[in-house]
Asker: 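Dropping the structure in here first, questions after.
Letters A, B, ... are given to chains in the order of the sequence lines, protein chains preceding strands, and every chain is numbered from 1.
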Protein chains: 2
Amino acid sequence: MKKQTSDYFAKTLEKGLRVLALFDEDHSSWTLTAIAEKVEVNLTTAYRLVNTFLELGYFKKDPKTKLLSLGPMAIALGNRLLRGFDINKVVEPLVDEAHYKYRISIDVSLFHRFNLVQLYKKEDSNTLTYKQETVSEFFYCTAMGKAVLSCLDAAEQEDLVERQSFKKMAENTIIDKNILYRELAEIRKKGYATNNEEYIKGLIAIAAPILRRGNNTPLGAISFTTTILDQTLVEFEKNYALILCDLARKIARKICNI
Amino acid sequence: MKKQTSDYFAKTLEKGLRVLALFDEDHSSWTLTAIAEKVEVNLTTAYRLVNTFLELGYFKKDPKTKLLSLGPMAIALGNRLLRGFDINKVVEPLVDEAHYKYRISIDVSLFHRFNLVQLYKKEDSNTLTYKQETVSEFFYCTAMGKAVLSCLDAAEQEDLVERQSFKKMAENTIIDKNILYRELAEIRKKGYATNNEEYIKGLIAIAAPILRRGNNTPLGAISFTTTILDQTLVEFEKNYALILCDLARKIARKICNI
DNA sequence: AATCTACTTACTATAATAGTAAGTTTAAGT
DNA sequence: ACTTAAACTTACTATTATAGTAAGTAGATT
């Protein structure tokens with residue numbers, strides 16, 4: 001969080017966006033009270049925001065239950081936002097191609113303000129899957145997170161590591177900073193990171209950083225995911241590590257200018 | 001446009017949403033001045049809104065050109081909005097299935113406040129395509145528009161017809177209201193509408209209304225689109241009209257409660 | 001160097017919003 | 001059917017955020 005007390009910051013807009021961001025596939029409807037609580041605004045303020053969304057067609061309200069959910073205009077906006085993002089035009093076809101060729105679950109995220117923001121995801125429909133956060137702060141226990149961490153300079157790396165919760169997510173979660181630092185050094189040499197059931201039991205992944213051209217700072221990361229029911233991590237690495245790193249470089253080359 | 005002078009309408013939020021909605025695949029970057037003009041706000045106001053989006057990560061700004069484009073948070077929002085809309089969960093698989101089975105371009109839109117808002121689209125990648133608006137007010141010259149018009153009651157139908165511009169979009173565009181009314185009556189009987197190069201030269205389509213259960217008012221429409229390079233309208237109708245109407249009914253059955 | 005254009009900042013009157021509190025509706029329990 | 005509680009809606013104002021004017025700055029172009 002920054003200052004945001006500047007003369008040039010529209011607070012009402014920020015609150016509105018926070019309301020809008022409450023809605024996702026697991027939370028497709030909300031009560032007014034819940035919105036007011038989550039966004040931390042007065043009930044009347046929440047009412048005004050919600051009413052604005054209703055008037056504009058972004059929300060709809062069940063007349064009986066008063067439950068609020070997204071309306072047609074929200075979809076139109078969602079469509080536009082995804083298509084209006086120039087990177088998507090580049091990343092989508094590359095990811096789709098690899099997905100159809102190798103039949104694996106692929107995920108591309110951008111590194112942004114201490115978060116990994118999901119840009120594009122392609123899942124194999126015949127495999128187990130897991131709920132992916134669109135904005136995640138789990139750098140210490142995910143392949144993508146470690147991939148990004150590994151190629152930050154020392155100061156930034158430490159800064160980000162210090163922000164981690166080091167909560168034990170699964171049996172293999174690394175909760176010792178020193179072990180993590182050692183692994184990060186190795187990842188940097190190898191060029192890609194692994195997730196050996198460190199986030200969710202049974203879930204394994206490999207991920208490579210997508211590097212900015214020139215200064216080699218991480219722009220984001222790409223990961224391949226599967227489960228131990230399908231193959232072992234060793235097999236997975238042997239089969240796909242090269243392809244993964246190659247794809248990461250391809251994407252980096254195409255989106256030099258962000 | 002409604003009153004919107006109510007105590008319970010957040011004007012700043014509305015303006016912000018108007019700014020956000022400027023971005024789409026054809027307009028992925030804007031100058032501040034252009035935004036101020038389009039949204040019809042003072043330059044300073046535009047600056048404040050834009051700055052808010054920048055602070056929050058929804059926009060990014062090219063430091064050299066000052067051009068504004070969407071940032072990672074906008075993608076995250078786009079993803080959430082599309083996934084948070086419960087109807088999508090129902091419509092997507094049905095449309096995808098039909099698309100893969102018949103290899104045609106399918107478009108599902110919702111009827112909302114005198115507009116058709118695109119909900120989901122699946123295009124055949126090997127055919128010619130056209131720029132599709134996510135929100136369109138062309139009811140008189142599109143198959144989906146006519147499909148929706150055809151099943152409104154007399155008063156609403158007239159209301160909506162009166163709102164049309166009747167601009168000559170292509171050679172076959174219907175610009176005579178009486179001819180349109182006659183065609184709408186026929187469409188109602190047939191159960192689906194056609195577009196015989198009335199919107200864009202070479203583009204043909206068939207569309208069926210998606211009807212609310214119970215009162216039979218139109219909730220939206222579904223269309224199949226192709227070009228005259230691929231088949232004639234007569235062939236297209238013969239091949240797909242039944243499938244189309246069937247799919248419309250299937251979707252209607254699933255989304256009874258919106 | 002001069003000029004133009006587009007962006008950024010400063011300042012303040014005005015209009016928008018936050019918050020309190022008082023209605024109102026709806027649902028559930030008696 | 002009546003009572004109560006919870007959630008939503010509306011009314012009212014002090015306060016604050018925002019709009020708009022205007023001045024200043026940076027970058028590009030001549």
Asker: Does D/dA19 have OP1 or OP2 sitting under 4.0 Å from an N or O in the side chain of B/Lys11?
Answerer: no
Asker: Would a distance-only check, ignoring hydrogens and angles, find a side-chain to backbone donor-acceptor pair under 3.5 Å from A/Gln157 to A/Leu149?
Answerer: yes
Asker: Working to the nearest 0.5 Å, report the span between CG of A/Leu247 and CD1 of A/Ile222.
Answerer: 4.0 Å
Asker: Considering every strand and a 4.0 Å limit on heavy-atom distances, what is the contact class for A/Thr65: base, sugar-phosphate, or nothing?
Answerer: nothing
Asker: Report the distance from atom NZ of A/Lys64 to atom P of C/dT26, rounded to the nearest whole Å.
Answerer: 8 Å
Asker: Closer than 4.0 angstrom, basic N to acidic O: yes or no for A/Arg163 and A/Asp159?
Answerer: yes
Asker: Which residues within residues 39-51 of chain B lie with some heavy atom under 4.0 Å of an atom in DNA chain D?
Answerer: B/Asn42, B/Thr44, B/Thr45, B/Arg48
Asker: Look at the side chain of B/Lys66 and decide which nucleotide, out of C/dT17, D/dC8, C/dT8, has an atom nearest to it.
Answerer: C/dT8
Asker: What do you reckon, are the aromatic ring centroids of A/Phe111 and A/Phe139 less than 6.0 Å apart?
Answerer: yes
Asker: Would you compute the distance between atom CG of A/Leu211 and atom CD1 of A/Ile251 and round it to the nearest 0.5 angstrom?
Answerer: 12.0 Å
Asker: Over the length of the helix from C/dA1-D/dT30 to C/dT30-D/dA1, how much do the five-pair end axes diverge, rounded to 10 degrees?
Answerer: 50°
Asker: Kindly assign one of parallel, tilted or perpendicular to the pair A/Tyr140 and A/Phe166, based on the angle between their ring planes and the thresholds 30° and 60°.
Answerer: tilted
Asker: Starting at the 5' end of DNA chain D and moving along, which residue's nearest nucleotide shows up first, A/Leu67 or A/Ala10?
Answerer: A/Leu67
Asker: Using OP1 and OP2 only, check whether a side-chain N or O of B/Thr12 sits under 4.0 Å from C/dA16.
Answerer: no
Asker: Tell me whether A/Gln118 contacts the main-chain N or O of A/Asp107 through its side chain, where contact means a donor paired with an acceptor under 3.5 Å.
Answerer: no
Asker: Hey, which sits more toward the 5' end of DNA chain D by its nearest nucleotide, A/Trp30 or A/Leu13?
Answerer: A/Trp30
Asker: Excluding sequence neighbours, so at least two apart, what forms ring pair (Phe, Tyr, Trp, His ring centres under 6.0 Å) with A/Tyr47?
Answerer: B/Tyr8
